[in-house]
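Quick note on labels: first sequence line is chain A, next is B, and so on, each numbered from 1.
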2 protein chains.
Amino acid sequence: MARDTKDILKKNRLSVTASREKILNLFLDQSGALAHGDIEKRAGEKFDRVTIYRTLQVFVEKGIIHTIPTADNSILYALCKDDCEEGHHHDHHVHFVCRQCQNTYCLDNVVTPDIKLPTGYSAKQIDVVVEGICRQCSI
Amino acid sequence: MARDTKDILKKNRLSVTASREKILNLFLDQSGALAHGDIEKRAGEKFDRVTIYRTLQVFVEKGIIHTIPTADNSILYALCKDDCEEGHHHDHHVHFVCRQCQNTYCLDNVVTPDIKLPTGYSAKQIDVVVEGICRQCSI
DNA sequence: AATCTTTTGCAACAATGTTGCTTTTTTAGT
DNA sequence: ACTAAAAAAGCAACATTGTTGCAAAAGATT
Ligand SMILES: [Mn+2]
Ligand SMILES: [Mn+2]
Ligand SMILES: [Zn+2]
Ligand SMILES: [Zn+2]
């Protein structure tokens, strides 16, 4: 349980609690994205499902984590490494879903491209999800 | 109930049934994407929920409709206008979610860009979802 | 340490999705 | 058109996932 978690929570004006530290640590210890279900399993039966839902919601609102769109009805969450703020995210990176290991990664260095839209449409946010084989799995 | 639906179903070697025709027609009559819930409402209480689930599943497998990734845990479906085949989709267009009317549209003429990935990653499929204001809503 | 505030856990509920089985409908062959 | 075989629909039961209100517990502040 690194000291980091307390700092991150305090910096975001959140009270420091066991579940918040635990859940935040899962994200810090992990390169990929996590679904609510993953957290429920890895947290080790310790926390109520409702607490996890509420914690994830607060983390998203504070700009600590962001959601990743998927085509299969599961919301994924990953740490924000960009300069996200409360109520305002700035995640402009591409997400990668591996068909083999099933993990989803933030490709923090791959910036979402601009998209030329037809007249009349204006873009506020662009999400790119690439599906394929990740580095680990192509070795 | 246009003649089209029967043809489309037959072309895909599916038996022609009332629910399949009804659901297929909802997609044909509609420019935007539909969620399972939308279909349940618009079909007018006529069909069992299970039938709708199974119909959507079959349509996706046959390449008649495709799913659209969302960040809010709802699977959206839209007609395939590209040359999709059974078990193999070829939808390479961008999807647009309007923040105002909440509709999701296939921008069939906007092709998904290539993404340069870090070494080791290989792409099989690229999904782009643009969020903003649609043409209708910006008038 | 005492108080005030926030978060947690619980229970109950709602919504969504799945499965097995029976009945009904469709299809294909006569 | 009639019949037999095959496929799909409907139903019920269940599983999973997400939501809400409220009392108890824990955290922050003085
Ligand atoms: Mn990300
Ligand atoms: Mn589409
Ligand atoms: Zn992988
Ligand atoms: Zn709109």
Can you measure A/Ile52 atom CD1 to D/dT19 atom P for me and round it to whole angstrom units? 14 Å
For D/dG18 and B/Asn73 - does any side-chain N or O of the residue sit under 4.0 Å from the phosphate oxygens OP1/OP2? yes
Would the number of heavy atoms belonging to other residues, nucleotides or ligands and lying under 6.0 Å from CG of A/Asp72 be above 12? yes
Rounded off to whole Å, could you give me the CD1-to-C1' distance for the B/Ile75 and C/dT16 pair? 10 Å
Less than 4.0 angstrom from a charged side-chain N to a carboxylate O is my criterion; do B/Glu86 and B/Arg13 meet it? yes
One character per nucleotide, please: for nucleotides 7-15 of chain C, 5' to 3', B when the base has a protein heavy atom closer than 4.0 Å, S when only the sugar-phosphate does, - otherwise. SBBBB----
Atom-pair distance (CG on B/Asp72; P on D/dG18), nearest Å: 11 Å
Please determine whether side chain to side chain contact (heavy atoms under 4.5 Å, CB included) holds for the pair B/Val111 and B/Val94, giving the CA-CA distance in whole Å, both sets of side-chain angles, and the decisive distance to 0.1 Å. CA-CA 6 Å; B/Val111 177; B/Val94 167; over 6 Å; no
In whole Å, I'd like the distance from the NZ atom of B/Lys10 to the C1' atom of D/dA8. 17 Å
Would you mind reading off the distance between B/Ile23 atom CD1 and D/dG10 atom C1', rounded to a whole angstrom? 14 Å
Between CD of B/Glu40 and P of D/dG10 the distance, given in whole Å, is 12 Å
note: A/Lys41, atom NZ; D/dT16, atom P; distance rounded to Å ~ 10 Å
Is the A/Tyr77 to A/Phe59 ring centre distance short of 6.0 Å? no
Can you tell me if B/Asp29 has over 12 outside heavy atoms packed within less than 6.0 Å of its CG? yes
Going by ring-ring contact (aromatic ring centres under 6.0 Å, His included), name the pairs with one or both residues in residues 18-48 of chain B, residues two or more places apart or in two chains. B/His36-B/Tyr53
Identify, between B/Val16 and B/Gly37, the residue whose nearest nucleotide on DNA chain C lies closer to the 5' end. B/Gly37
Rounded distance in Å - OH (B/Tyr53) to P (D/dA15): 17 Å
